[in-house]
Asker: 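Structure below; questions to follow.
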Amino acid sequence: FTFRRLAIIDLSPAGHQPMHTPDKRLTIVFNGEIYNHAEIRQELIQKGYKYKSQTDTETILYGYLEWGEGILDKMLGMWDFVIYDNLKKEIFGARDRIGVKPLYFSNKNGRFIFGSEIKSILQHPSIQKEMNLDELPNYLNFGLTSREESLFKGVKKIPAGHYFKLDLKGNFQIKRYWSPFQKESQYTNMNEKELQEETLSLLRKAVDARMMSDVPFGVFLSGGIDSSVNVALMAELMNRPVDTFTVGFKELEKYNELKYARKISEIFKTNHKEILIDSKDSLPILDKLAFHEDEPNADPVCIPLWFLSKLTRDSGTIVVQVGEGSDEQFAGYPWMIQHYNFHNSYWKAFKSLPKFARKAVHTSVKPLFSMMNQHLALDYVRRAAHDEEFYWSGVSIFSPTHLSLLFNDKLKSKIGIPAEYASKMHIDSLSIQPNADYFQRMLFLELSQRLAEILLMRVDKIGMAHSIEARVPFLDHRLVEFTMSIPPKMKMPDGKTTKYILKKAVESILPNDIIYRKKQGFAAPVSEWLANDWKTYSQDKILNSRLIKENILDKKYINNLLVQHYSAKKNNNTQIFSLLMLCVWYDVFFEGK
């Protein structure tokens, strides 16, 4: 076992890892934070355990010795850890409930290799770097690979909320230990006022728990409702100003939320710092993003997040609270509500037609939709015609309809992989909660895929690249379990308002013009950058990529996407950026391999 430590609790050598039990039976490496470790520690001390450090690592070690995998149910926090039991000759490892922290492994030819970064696994001489073409469709559709596989062949993931066991005979099992479906009944019977009060109460507990630190901490502040809630609740609990950090853009001010961040800073008297960036600042870091993220991440927010993390660390702050996870729970994305309403109306009506009729409609509209470049709309018709699930998590970047044009012949057989994966997630949700309705299944998919594998990975990987730790109050599992039990008619009473319950819940701590302003979202102006300052670079990087030269991607189709975007006939920034980061990643990890 090896470990490189970012010390947060007990900075002394007593906290170093790998850590052992006194009799050397158990050895652990652990990445993350257990916010209630002091309470668990007292319980273990009463049982006779003697501590040598103040760390949460030691509590996991003794907790596993005492309760086995039952320690996972006791812990509040984020983690990936692996323990070797020298008596049982067994390895045990786990990833936290929501997937804030990643855990990768390779298990073949009698050799098990694991790490919290893929690049560490790739250093092993037994690993041959090879692109996992079966995951390429998932990356291109979802924006990152699936919850079980990576874009490196043979390198896999432990999914969020799962643990694994491996013995010397090679017996290997992965098992789910937590799901967001915790209530015996499908939905709570609370009224609206009770829902609001419980939401705010759970958020207060979550923020309070995540203020445990022996090093300076602060907040990433965008000026939106989520980060502003973090600031407001931290300010209640602190006897010094909250340190807040914001990133904006030197030009293209329509993307900036600086005035809202500054207003929150003024209201709560925070110690506020900002950094402004532009396309010229951003282009040189794309290689660094690809390296630190391990896999290509199609979310452009990774760019401002890089500079925000750097500002934070340069300012001496090591721990930050972030706002991820709110939108997934409270229906914060307009497209979530649109998809839900569409599913309950047009989709159900179309699906009620005989299958032959649906296929006939798909065949008849295909030429028209293709001519109009409405490939995503066409794919929804295709899904209905072939009895596939409607909702796949997020909005498809390159749907199977797109992939049929993007992939060359040798990959055509793989275009159905995203549909198979989405179906698997729906089946998984129903196996856990057979009574789950479509809205709950949508939320389950968001938590399982887009949140865990795209949004949380960007925060963790980029934060760790700058040696800062990001904590996520909205993803306290107690809050997630509660929000999963709120019926859609309470979350969206008018069928269109996003985050209704959350907005009502925080009216007592935030001004209405912050709560009820139009959602802008933390974004980056890559649409403009790709059409202007990045035009030559992106053309060259994509069209001259080995992925085209090796006959994986179709050059003609990609060139058409670029021409459409540059001429402003269609905004293809999402597709182009995902291809750009794929090609950058491929060069970083495979050029001259």
Side-chain angles (χ1 to χ4, degrees), residues 136 139-144 151 247-257 275-293 295-308 335 373-376 394-399 402-403 405-407 454-455 458 462 520-549 552-588 591:
L136 183 57
Y139 164 72
L140 290 167
N141 180 85
F142 296 104
L144 204 93
L151 210 48
V247 61
F249 303 99
K250 298 173 187 175
E251 302 168 348
L252 302 167
E253 292 191 3
K254 68 179 182 179
Y255 288 90
N256 284 340
E257 297 183 277
I275 186 170
L276 298 178
I277 63 173
D278 60 19
S279 62
K280 295 178 178 64
D281 299 318
S282 303
L283 188 60
I285 70 158
L286 296 186
D287 286 0
K288 295 177 182 177
L289 286 176
F291 176 77
H292 287 287
E293 290 167 351
E295 299 183 90
N297 189 317
D299 191 340
V301 168
C302 295
I303 296 168
L305 191 58
W306 174 274
F307 292 97
L308 189 59
W335 48 261
N373 289 311
Q374 295 297 322
H375 299 301
L376 184 56
V395 179
S396 294
I397 300 172
F398 288 99
S399 69
H402 293 94
L403 294 179
L405 302 169
L406 177 63
F407 283 167
I454 301 179
L455 307 186
R458 76 186 185 193
I462 296 172
Q520 183 169 335
F522 189 31
V526 293
S527 178
E528 291 85 349
W529 292 351
L530 286 166
N532 296 288
D533 293 347
W534 289 14
K535 180 178 179 180
T536 301
Y537 171 83
S538 57
Q539 273 184 317
D540 178 67
K541 180 63 72 172
I542 298 171
L543 294 180
N544 293 315
S545 169
R546 284 172 56 194
L547 294 170
I548 288 179
K549 293 175 181 177
I552 293 172
L553 304 179
D554 185 84
K555 186 174 184 177
K556 183 178 179 181
Y557 174 68
I558 294 173
N559 189 59
N560 187 47
L561 289 177
L562 295 170
V563 170
Q564 287 176 349
H565 189 75
Y566 299 150
S567 64
K569 288 183 178 178
K570 190 174 182 184
N571 188 347
N572 292 325
N573 78 89
T574 305
Q575 290 87 353
I576 296 170
F577 185 77
S578 67
L579 289 171
L580 177 60
M581 291 313 298
L582 175 66
C583 295
V584 171
W585 166 83
Y586 197 83
D587 284 354
V588 167
E591 194 65 43

Asker: Using the ring of each side chain (for Trp, its six-membered ring), is W529 parallel, tilted or perpendicular to W534, with breaks at 30° and 60°?
Answerer: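 Judged by the thresholds at 30° and 60°, the geometry between W529 and W534 is tilted.
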
Asker: CD1/I462 to CD1/I285 distance, rounded to the nearest 0.5 angstrom?
Answerer: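 Going from CD1 on I462 over to CD1 on I285, the span is 7.5 Å.
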
Asker: Rounded to the nearest 0.5 Å, what separates atom CD1 in I552 from atom OG in S545?
Answerer: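 Reported to 0.5 Å precision, the distance equals 8.0 Å.
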
Asker: May I ask you to test the L376-V395 pair for a side-chain heavy-atom distance under 4.5 Å?
Answerer: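 A side-chain contact exists here, since the closest heavy-atom pair is under 4.5 Å.
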
Asker: Tell me, with the steps shown, if W306 and I277 meet side-chain contact (heavy atoms from CB on, under 4.5 Å).
Answerer: CA-CA 11 Å; W306 174 274; I277 63 173; over 6 Å; no

Asker: For F577, enumerate each residue passing the ring pair (Phe, Tyr, Trp, His ring centres under 6.0 Å) test, keeping only those at least two apart in sequence or located in another chain.
Answerer: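 Partners of F577 by the ring pair (Phe, Tyr, Trp, His ring centres under 6.0 Å) criterion come out as none, since no residue qualifies.
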
Asker: Do the side chains of H402 and Y557 get nearer than 4.5 Å, heavy atoms only?
Answerer: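 When only atoms from C-beta onward are counted, H402 and Y557 do touch, with a gap below 4.5 Å.
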
Asker: Specify the closest pair of heavy atoms between E293 and C302, including all atoms of both residues, with the distance to one decimal.
Answerer: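 Heavy-atom minimum between the residues: OE2-SG, 3.1 Å.
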
Asker: Given side chains that start at C-beta, do those of N297 and M581 come closer than 4.5 Å, heavy atoms only?
Answerer: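 Heavy-atom side-chain distance check fails, nothing below 4.5 Å.
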
Asker: In Å, rounded to the nearest 0.5 Å, how long is the span from CG of L579 to CD1 of I558?
Answerer: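 With rounding to 0.5 Å, CG (L579) is 5.0 Å from CD1 (I558).
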
Asker: Kindly write out the residues that satisfy salt bridge (Lys or Arg N to Asp or Glu O under 4.0 Å) with D540, not counting sequence neighbours, or none if the list is empty.
Answerer: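 D540 satisfies salt bridge (Lys or Arg N to Asp or Glu O under 4.0 Å) with no other residue.
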
Asker: Ignoring hydrogens and angles, tell me if any N or O in the side chain of N532 forms a donor-acceptor pair with the backbone of E528 under 3.5 Å.
Answerer: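 Flag set: sc N532 to bb E528 pair under 3.5 Å.
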
Asker: What are the two closest non-hydrogen atoms of K570 and N373, and how far apart are they?
Answerer: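 Looking at all heavy atoms of both residues, the closest pair is NZ-O, 2.5 Å.
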
Asker: List the atom of A524, the atom of F249, and the distance in Å for their closest heavy-atom pair.
Answerer: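 Residues A524 and F249, closest heavy atoms: CA-CZ, 3.8 Å.
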
Asker: Begin from the C-alpha positions of L543 and K555 and carry the test side-chain contact (heavy atoms from CB on, under 4.5 Å) through to its verdict.
Answerer: CA-CA 6 Å; L543 294 180; K555 186 174 184 177; 4.1 Å; yes

Asker: So, E295 side chain and L151 main chain: donor-acceptor pair closer than 3.5 Å or not?
Answerer: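 Answer holds: yes.
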
Asker: CG of N559 to CD of Q564: how many Å apart, nearest 0.5 Å?
Answerer: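 Taking CG in N559 and CD in Q564, the distance rounds to 10.0 Å.
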
Asker: Please report the closest heavy-atom contact between L276 and K250, naming both atoms and the distance.
Answerer: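 Minimum heavy-atom separation between L276 and K250: O-CE, 3.3 Å.
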
Asker: Please confirm whether the backbone N or O of L561 pairs with a side-chain atom of N572, one donor and one acceptor, at under 3.5 Å?
Answerer: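 Such a contact is found between N572 side chain and L561 backbone.
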
Asker: If only atom types and distance count, is the side chain of Y139 paired as donor or acceptor with the main-chain N or O of S578 below 3.5 Å?
Answerer: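 Answer holds: yes.
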
Asker: Report yes if the side chains of L582 and L553 come closer than 4.5 Å at any heavy-atom pair, otherwise no.
Answerer: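 Contact flag for L582/L553 side chains = yes.
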
Asker: Heavy-atom distance under 4.5 Å between the side chains of D533 and L283, does that happen here?
Answerer: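 Heavy-atom side-chain distance check fails, nothing below 4.5 Å.
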
Asker: Hey, does I576 have a side-chain heavy atom less than 4.5 Å from the side chain of I542?
Answerer: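 I542 reaches I576 side chain to side chain.
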
Asker: What is the minimum heavy-atom distance between Y566 and Q539, and which atoms define it?
Answerer: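 Smallest heavy-atom distance, with atoms named: OH-CG, 3.2 Å.
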
Asker: Go through N571 and H565 one step at a time and tell me if the side-chain contact (heavy atoms from CB on, under 4.5 Å) criterion holds.
Answerer: CA-CA 5 Å; N571 188 347; H565 189 75; 3.2 Å; yes

Asker: Roughly how far apart are L580 CG and Y537 OH, rounded to 0.5 Å?
Answerer: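 With rounding to 0.5 Å, CG (L580) is 5.5 Å from OH (Y537).
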
Asker: Test side-chain contact (heavy atoms from CB on, under 4.5 Å) on L286 and I303; report intermediate values, then the result.
Answerer: CA-CA 8 Å; L286 296 186; I303 296 168; 4.1 Å; yes

Asker: Is D287 close to D587 at the side-chain level, that is, under 4.5 Å between some pair of heavy atoms?
Answerer: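 Counting from C-beta outward, D587 and D287 never come under 4.5 Å.
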
Asker: Give me the atom names and distance for the closest heavy-atom approach of S527 to N573.
Answerer: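 Looking at all heavy atoms of both residues, the shortest contact is CA-CB, 3.6 Å.
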
Asker: Do side-chain atoms of D281 reach the backbone of D278 as a donor and acceptor pair under 3.5 angstrom?
Answerer: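 Such a contact is found between D281 side chain and D278 backbone.
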
Asker: Less than 4.5 Å apart, side chain to side chain, heavy atoms only: is that true for I397 and L140?
Answerer: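 No - every pair of side-chain heavy atoms lies 4.5 Å or more apart.
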
